Amino acid sequence: KSIGAYAFESCAALISVDINEGTKSLGQYCFAQCSSLTEVVIRDHETHIPGVSVFPNLTENPELVIRCYKDTSVESTLINLGYSIAPIAE
């Protein structure tokens with residue numbers, strides 16, 4: 001499973017997203033310019049995140065919290081891209 005490029009781009013009504021386990025990739029700009037997005041939960045340990053263009057620009061949306069499991073490739077990728085992450089309670 002994947003979420004395609006531009007899938008939810010500019011969807012101002014989108015507030016939170018829970019990406020289920022089994023989602024292996026997020027397309028470029030799939031959540032870009034979603035100005036109301038405040039929480040993204042990524043439940044798969046290996047979801048591919050192609051770059052910062054997936055999520056809203058943090059200057060547009062400083063309230064955004066991205067949750068994932070600790071010590072996973074997803075956490076590493078998000079940190080390397082400059083996002084603050086919050087752990088999912090196990």
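All figures in this text were calculated on a predicted structure; none of them were measured in a lab. Residues take their numbers from the sequence shown, with the count starting at 1.
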Closest non-hydrogen atom pair, [X] against [Y]:
{"X": "Cys68", "Y": "Ile85", "result": "SG-CD1, 4.3 Å"}
{"X": "Ile49", "Y": "Val74", "result": "CD1-CG1, 4.0 Å"}
{"X": "His45", "Y": "Ser73", "result": "O-OG, 3.1 Å"}

Hydrophobic clusters join Ile, Leu, Val, Met, Phe, Trp and Tyr when side-chain heavy atoms are under 4.5 Å apart, directly or via other members; which others share one with Val65? none
[X]: what forms a side chain to side chain donor-acceptor pair (under 3.5 Å) with it, not counting sequence neighbours?
{"X": "Thr77", "answer": "none"}
{"X": "Glu21", "answer": "none"}
{"X": "Asp18", "answer": "Arg43"}

Could you work out, with salt bridge (charged side-chain N to carboxylate O under 4.0 Å, His left out) as the rule, every residue matching Glu39, not counting sequence neighbours?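 Glu39 satisfies salt bridge (charged side-chain N to carboxylate O under 4.0 Å, His left out) with Arg67 once adjacent residues are dropped.
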With sequence neighbours left out, what residues match Lys24 under salt bridge (charged side-chain N to carboxylate O under 4.0 Å, His left out)?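 Scan of Lys24 (salt bridge (charged side-chain N to carboxylate O under 4.0 Å, His left out), adjacent residues dropped) gives Asp44.
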Which donor-acceptor pairs under 3.5 Å do the side chains of residues 3-17 make with protein atoms, sequence neighbours left out?
from: Ser10; atom 1: OG; to: Gln33; atom 2: OE1; distance (Å): 3.1

Does one hydrophobic cluster hold both Ile66 and Ile19, with members joined at side-chain heavy-atom distances below 4.5 Å?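 Yes, because Ile66 and Ile19 connect within a single hydrophobic cluster, where side-chain heavy atoms sit under 4.5 Å apart.
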Donor-acceptor pair, side chain of Ser25 and main chain of His48, under 3.5 angstrom: no
Can you name the residues that form a side-chain contact (heavy atoms from CB on, under 4.5 Å) with [X], not counting sequence neighbours?
{"X": "Ser76", "answer": "none"}
{"X": "Val52", "answer": "Leu81, Tyr83"}
{"X": "Asp71", "answer": "Glu75"}

Residues, nucleotides or ligands: over 12 heavy atoms within 6.0 Å of Glu46 CD: no
Before you tell me yes or no, could you show the steps for Phe31 and Leu64 under side chain to side chain contact (heavy atoms under 4.5 Å, CB included), namely the whole-Å CA-CA distance, both residues' side-chain angles and the distance that decides it to 0.1 Å? CA-CA 12 Å; Phe31 299 109; Leu64 179 63; over 6 Å; no
